[in-house]
Engineer: 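First the structure, which I've put down as structure tokens, then a few questions once you've had a look.
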Amino acid sequence: MASNIVEMTKELAQDFIYFKVGKANPVTSISLSARTLKRVATEVEAKHGDLFESMTRRISCSDDNISESFKKIVENMFADNVINWGRIAVLFTFAGHIALYCDRHGSQEDPDLVVLLLTEFVNRKLLKWIQNNGGWDSFNEHFKERKDDTGVWWRDALCVGLVAGAALVFAR
């Protein structure tokens with residue numbers, strides 16, 4: 001099961017990051033998880049896009065800087081060892097913003113680098129949790145569209161994760 005989660009994580013990361021930067025994805029994913037992730041990330045961005053933008057503006061688009069900044073921010077997002085689907089969705093959303101920001105500022109390799117960084121982090125730090133919590137199918141179930149959904153699932157994840165990440169970025 002772990003190998004399926006690793007493969008799905010890479011597919012989701014590539015599909016989502018390429019979607020964010022408008023790049024054709026060589027492995028077009030039509031999976032439910034990919035559609036769910038895009039929908040959830042769009043909801044998060046609609047409510048808190050300005051926060052993501054202000055965080056990414058402080059990152060230089062050199063490969064070394066992206067790697068270092070991304071690693072510091074995402075490690076900080078999960079430093080309290082609290083993992084949940086909301087935080088994972090915010091992680092992917094943040095990675096998408098970094099890729100888009102750098103793509104807009106002329107860096108050609110950054111979408112692929114962000115895919116790699118995101119995939120490595122998820123597989124290193126979150127794989128066991130994802131596996132123990134039903135895999136990506138559980139992600140879909142957690143964010144299942146409901147007519148009465150008020151969109152409040154992300155509040156705790158966004159507050160804790162982004163505040164921690166923003167503190168690190170703005171402290172520089």
Side-chain angles (χ1 to χ4, degrees), residues 1-21 25 27-53 55-56 69-100 111 114-169:
M1 182 173 170
S3 65
N4 289 342
I5 294 172
V6 169
E7 290 172 26
M8 179 61 108
T9 299
K10 183 177 180 183
E11 288 177 21
L12 285 172
Q14 186 174 30
D15 183 76
F16 183 71
I17 299 302
Y18 281 29
F19 165 75
K20 286 298 296 173
V21 300
N25 186 355
V27 182
T28 303
S29 179
I30 56 170
S31 73
L32 178 58
S33 297
R35 290 191 312 269
T36 300
L37 178 58
K38 289 173 187 173
R39 178 180 50 80
V40 169
T42 300
E43 291 173 12
V44 171
E45 290 169 335
K47 301 218 184 266
H48 295 285
D50 291 343
L51 182 55
F52 286 108
E53 290 294 323
M55 288 174 65
T56 54
S69 296
F70 182 86
K71 289 174 184 175
K72 284 181 182 176
I73 292 168
V74 300
E75 290 287 344
N76 201 12
M77 285 174 70
F78 291 91
D80 61 1
N81 293 317
V82 174
I83 302 169
N84 59 52
W85 289 120
R87 284 188 175 194
I88 292 171
V90 168
L91 169 67
F92 274 79
T93 306
F94 176 67
H97 269 267
I98 289 177
L100 182 60
V114 174
V115 168
L116 177 67
L117 294 169
L118 177 57
T119 301
E120 286 177 348
F121 179 79
V122 172
N123 289 335
R124 182 173 45 85
K125 290 286 197 170
L126 308 177
L127 177 66
K128 187 173 183 172
W129 186 91
I130 292 170
Q131 185 176 357
N132 291 338
N133 286 275
W136 289 106
D137 289 339
S138 182
F139 175 81
N140 300 328
E141 187 60 33
H142 185 77
F143 292 115
K144 188 179 204 175
E145 283 191 274
R146 295 176 184 93
K147 292 185 185 236
D148 63 341
D149 188 4
T150 59
V152 297
W153 58 265
W154 44 263
R155 280 188 190 154
D156 290 338
L158 192 62
C159 283
V160 174
L162 287 181
V163 169
L168 176 65
V169 171

Engineer: Mind listing the closest non-hydrogen atom pair of Ile5 and Gly135 along with its distance?
Structural biologist: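 For Ile5 and Gly135, the tightest heavy-atom pair comes out as CD1-CA, 4.1 Å.
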Engineer: Rounded to the nearest 0.5 Å, how far does NZ of Lys144 lie from CG of Leu32?
Structural biologist: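 Nearest 0.5 Å value for the CG-NZ distance: 10.0 Å.
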Engineer: Looking at every non-hydrogen atom in both residues, tell me the closest pair between Thr119 and Ala13 and how far apart they are.
Structural biologist: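 Here Thr119 and Ala13 meet closest at OG1-CB, 3.4 Å.
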Engineer: Between Glu75 and Arg124, does any NZ, NE, NH1 or NH2 come within less than 4.0 Å of an OD or OE carboxylate oxygen?
Structural biologist: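 So Arg124 pairs with Glu75 through a salt bridge.
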Engineer: With rounding to the nearest 0.5 Å, note down the distance linking CD in Glu7 to CG in Asn123.
Structural biologist: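 That separation rounds to 10.5 Å.
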Engineer: Do Glu45 and Lys20 have side chains that approach each other closer than 4.5 Å (heavy atoms only, starting at C-beta)?
Structural biologist: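 Yes; the side chains approach each other to less than 4.5 Å.
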Engineer: Please name all residues satisfying side-chain hydrogen bond (donor to acceptor under 3.5 Å, both in side chains) with Asn140, sequence neighbours left out, ordered by chain then number.
Structural biologist: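 Counting only residues at least two positions away or on another chain, Asn140 forms a side-chain hydrogen bond (donor to acceptor under 3.5 Å, both in side chains) with Ser33, Thr36.
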Engineer: Determine the interplanar angle of the Trp129 and Trp85 rings, folded into 0 to 90°, and report it as parallel if under 30°, tilted if 30 to 60°, perpendicular if over 60°.
Structural biologist: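 Ring orientation of Trp129 relative to Trp85: perpendicular.
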Engineer: I need the Leu116 CG to Glu120 CD distance, nearest 0.5 Å.
Structural biologist: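 Spacing of CG (Leu116) from CD (Glu120) equals 4.0 Å.
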Engineer: Rounded at 0.5 Å granularity, tell me how far CZ in Phe19 sits from OG1 in Thr42.
Structural biologist: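 Spacing of CZ (Phe19) from OG1 (Thr42) equals 5.0 Å.
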Engineer: Aromatic rings Phe139 and Phe143: how do their planes relate, parallel, tilted or perpendicular, breaks at 30° and 60°?
Structural biologist: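 Ring orientation of Phe139 relative to Phe143: perpendicular.
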Engineer: So, do Val90 and Arg87 sit near enough that their side-chain heavy atoms are less than 4.5 Å apart?
Structural biologist: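 Of all side-chain heavy-atom pairs linking Arg87 with Val90, none is under 4.5 Å.
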Engineer: Work out which heavy atom in Thr93 is nearest to a heavy atom in Ala41; give both atom names and the distance.
Structural biologist: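 So the two residues come closest at OG1-CB, 3.4 Å.
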Engineer: Which heavy atom in Ala95 sits nearest to a heavy atom in Val114, and how many Å separate them?
Structural biologist: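 Heavy-atom minimum between the residues: O-CG1, 3.4 Å.
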Engineer: Holding to side-chain hydrogen bond (donor to acceptor under 3.5 Å, both in side chains), I want the full list of residues that pass it with Thr9, two or more places apart in sequence or in another chain.
Structural biologist: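 Per chain and number, Thr9 pairs via side-chain hydrogen bond (donor to acceptor under 3.5 Å, both in side chains) with Trp136.
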Engineer: What pair of heavy atoms forms the shortest contact from Ser31 to Leu12, and how long is it?
Structural biologist: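 In terms of heavy atoms, the two residues are closest at OG-CD2, 4.4 Å.
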Engineer: Report the C-alpha distance between Leu91 and Leu126 in whole Å, list the side-chain angles of each, state the deciding distance to 0.1 Å, and finish with yes or no for side-chain contact (heavy atoms from CB on, under 4.5 Å).
Structural biologist: CA-CA 11 Å; Leu91 169 67; Leu126 308 177; 3.8 Å; yes
Engineer: Do the side chains of Phe16 and Val115 get nearer than 4.5 Å, heavy atoms only?
Structural biologist: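 No - every pair of side-chain heavy atoms lies 4.5 Å or more apart.
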Engineer: Any side-chain heavy atom of Lys38 within less than 4.5 Å of one from Asp15?
Structural biologist: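 Yes, close enough: below the 4.5 Å cut-off.
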Engineer: What pair of heavy atoms forms the shortest contact from Ala99 to Ile17, and how long is it?
Structural biologist: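 Looking at all heavy atoms of both residues, the closest pair is CB-CG2, 3.5 Å.
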Engineer: Taking the six-membered ring for Trp, are Phe121 and Phe78 ring centroids under 6.0 Å apart?
Structural biologist: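 Close enough - the centres of the two rings lie under 6.0 Å apart.
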Engineer: I want to check something: taking the side chain as every heavy atom from C-beta on, are Ile130 and Ile88 in contact at a cut-off of under 4.5 Å?
Structural biologist: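 Counting from C-beta outward, Ile130 and Ile88 do come under 4.5 Å.
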Engineer: Are Arg39 and Glu43 ion-paired here, with the side-chain N under 4.0 Å from a carboxylate O?
Structural biologist: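 Result for this pair is yes, salt bridge flagged.
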Engineer: Would you say the side chain of Ile98 lies within less than 4.5 Å of the side chain of Leu117, judging by non-hydrogen atoms?
Structural biologist: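 No, side chains not in contact.
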